[in-house]
Every structure is written in C-alpha cells, then in structure tokens.
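What follows is a set of notes on a single structure, which appears directly below.
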There are 2 protein chains.
Amino acid sequence: MAKNKRDIERQVKQEEIEAAATRLFVERGYDATSMAQVAEQAGVAPNTLYWYYKNKDEMLVATLNRLVGKGLSEYAQMADQPLDTQLLWLLGQFEQFSALVTTVHARVEHAATVREWHANFHMMLDQLMIARLQAQGVTAEQAGLLATVTGFVVEGLLSHATPQPQREAIVQWLLRAGVQTA
Amino acid sequence: MAKNKRDIERQVKQEEIEAAATRLFVERGYDATSMAQVAEQAGVAPNTLYWYYKNKDEMLVATLNRLVGKGLSEYAQMADQPLDTQLLWLLGQFEQFSALVTTVHARVEHAATVREWHANFHMMLDQLMIARLQAQGVTAEQAGLLATVTGFVVEGLLSHATPQPQREAIVQWLLRAGVQTA
DNA sequence: AGCTTATCTTGAATTGCATTCAAGATCATT
DNA sequence: AATGATCTTGAATGCAATTCAAGATAAGCT
C-alpha cells in the first residue's frame, strides 16, 4: 500500500509517537501526561502531534487499538483453555492498563471518537463471550445477559483493585452460576 | 455548636456554594464545570471558593456527601421492600448522577480525598447488602462475594446506559442466582 | 467604646495545559 | 527546474486551577 519514502517515514514516526504515548499513558496516566511530554519522548515538537492526530483523544484511541491488537494476538494462544482460565488471564493482561479503563470511561462523555471505540470494544468482547457460552449449551438470551454481567464484573475488578483469591472466587462463582441457572 | 453571626453565614454560604456545585456537576459534568462557573452561580469571586475548599476535588467530595445524605434519607422509606425492588430503585436514583460515578473513579487516582470517600462509600453499600443477604440465610462469605459483584454490576449498569428491561433482567437474575447457588 | 486578632473576600498574578496559526522546510511528481 | 502536497515548527491564544498579597469585616478582650 505504501511505497514512498514519505509513507514509510510516516508510519515509522507514528509508531514512535504511539509507543511514547502508550508508555506514558500507562505509567503516569492519561491526564497526567501532557502532549508536550509525549512529543519530547517521541523527539518532535508538541504541535507536530496535531499533524498525525486531531487531538489528544484520537491519540488515546490510537494507543488503545495498538494495545488491544497486541492483546488479541496473544489471546489466540489461549483459544482452547477453559473459560474461567481465559477470563483470569484476561484480567492479568488488562491489569497493567487498569488506569486506562477508567480513562476511557471518563472520556466517553466528552469525545465521540472514544465513545465509538468503547462501544465497539464492548461489542467485540460480548460476541466472544456469547459464542463461548452458546457452545456450552447456554441459550442466546442467557448468554447475552451473562456476557454483559461478566463485562461489568471485569471492569469492576480492574478498577477496584481486588485481591487475587477474591478475584478468582468471583470469576469462578459467576461462570458456575451463569451456566447452572441457564 | 455554632452561634456566631459568622458561623451561621458560613454555613449558609457553604450551602449556596454546594448547591451551585451540585447542580452544575450533575448538569454539565465535573470536568466541564469550571470553578469560575460555580463561583458565579454562588455569587462569589472564584478564589473565594478556596477559602471553603482546599481544591476542586474537595468541593466534589462535599457535593457527593450531600447527595448521598439525601439519598440515604429517602432510602429509609424503602427499608421493607424486597431486595430487587430496592436495587432497581437505587439504580433509578443514581441514574441522574451517573456521570458522577465515572468522575469519582477518574479522580480516585489523582486525589487522596476522593479515594478515601470512594472506599468508604463502597464499604457502606457492601455492609448494607451483606446484612440483607445474611438475613435471607446466605453465608457470610457468599454474601460478601455477592455484595462485591452487585456493586460492580450497579456501577456497570450506571455507566453503560442499559435499557430498562435488560437492567431488570440482570438484577433479577443476579439476586436469584446469588441466593440459589449459596 | 477602642484595639487586636481571626475570619473572610477579592483583583491581580502565576502556572500549566491543549490547541491553533502562519511561515518555513522537505519531498514527489511533472 | 517548477509546482504542489506533505510535513515541521516557534510563537501565539485561550482557558483552566490555583496562589498571593492586600484589603474588609466581625469577635473577643480590656
């Protein structure tokens, strides 16, 4: 698709910027990271960022897509594990970005682009979960409900720092109860 | 405790400020409301607010306490209703402040005072819930787990705008499954 | 009643932020 | 080589929270 020296440099520079943004957002948090800091880490002037992203929220979405992409490719290895194992693994993965979970919810109200990303993300996870549950014989309706609840519980666990044993107990109970009461 | 003309005026002014802050925070959101706007609505200079509150986060906590206080006094009327009715009523109440749910989570990372308020709030709701469940014969352990999950689900429902029938189905399933699998 | 002190109130900074502007540099294509 | 598109940047702009120093006002004391 891209063959110019320009097109290549553009992609490289975008990757540098997004790598810097990801690192800072994860380490210090979105609010505490200024555009100037991202620019400095990426080795460009602050306003240069606005050539690549319309605003800070779009930069956030770019980093989110990057993180999710990486996460999904690793998830492929887990495809044949039982559901509770998968969920606990997912929680472990997301833990490092737990601050971003809150950030996304905070920005959803203000930025249409984040709102859209958020909606798609939930739909994707719901679909994944529903497919797994239906394969276990859960009805479509019950699977939908359970997927929604599971999503809420995952977000809750991430944004409320729950100790590991309690976390496991919750996930295990939820799935057992979900299938049992189907 | 307070008998001075000064002490009285202080309380009155605080109430004016908090009323203004509450209205603006609920209507426009915390981030979108500037200290200057609160000051204007309260009829004081922007910096006057800093005599009453150390910073914007402390003003937020003051408004939260006010809202929760009001909510709890209304909740007293619901004391003898079944648990699912209570939860759905609670959701209805909180709905108007759903934006503040996200705001609190966002500020928890940055402001110790909000962090503390948030922890206390969850503990209070957990205790309420646990007491109710134990009265129904649920073990302490299971009640604790279920209270946590319910808290997450309530927050999820509030911050993700779920249609009413689905909301009811979720609450009803959750409580039924919770008691059933105890 | 005066004097002193603690309690407020405020106009005018200060600082830090996201974002924009206008002007220049660099590359691709003809 | 000429032209236009693609970047890059230094210098604004505007808005936010927060602080500072100086002035008002009331309380408590003699």
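Quick note: numbers below take in every heavy atom, side chains included, and nothing from hydrogens, waters or symmetry partners. Letters A, B, ... mirror the listed sequences (proteins, then strands); counts begin at 1.
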Please work out if Y52(B) contacts a base, only the sugar-phosphate, or nothing of the nucleic acid, heavy-atom cut-off 4.0 Å.
sugar-phosphate
Please identify each residue that fulfils salt bridge (Lys or Arg N to Asp or Glu O under 4.0 Å) with D31(B), with sequence neighbours left out.
none
How close do D126(A) and A147(A) get, heavy atom to heavy atom, and via which atoms?
OD1-O, 3.8 Å
Could you tell me whether the phosphate oxygens of dT7(C), OP1 or OP2, come under 4.0 Å of any side-chain nitrogen or oxygen in R10(B)?
no
Set out, line by line, the N/O atom pairs under 3.5 Å between protein and nucleotides 18-20 of chain D.
{"unit_1": "dT18(D)", "atom_1": "OP2", "unit_2": "Y50(B)", "atom_2": "OH", "d": "2.9"}
{"unit_1": "dT18(D)", "atom_1": "OP2", "unit_2": "K56(B)", "atom_2": "N", "d": "2.9"}
{"unit_1": "dT18(D)", "atom_1": "O5'", "unit_2": "Y50(B)", "atom_2": "OH", "d": "3.4"}

Start at the 5' end of DNA chain D and walk down; is the nucleotide closest to S34(B) or to E9(B) reached first?
S34(B)
Remember a base hit wins even if backbone is also touched, and classify T48(A) as base, sugar-phosphate or nothing at under 4.0 Å, heavy atoms.
base
When the distance from CH2 of W51(A) to P of dT9(D) is rounded to whole Å, what number comes out?
13 Å
Residues 136-155 of chain A vs side chain to side chain donor-acceptor pair (under 3.5 Å), sequence neighbours excluded, gives H105(A)-E155(A), H122(A)-E155(A), E155(A)-H160(B)
List the residues meeting ring-ring contact (aromatic ring centres under 6.0 Å, His included) with F121(A), not counting sequence neighbours, and say none if there are none.
W117(A)
Can you name the residues that form a side-chain contact (heavy atoms from CB on, under 4.5 Å) with Q81(B), not counting sequence neighbours?
M78(B), T85(B), Q86(B)
Per the salt bridge (charged side-chain N to carboxylate O under 4.0 Å, His left out) rule, what does the pair list look like for residues 71-98 of chain A, sequence neighbours excluded?
E95(A)-R167(A)
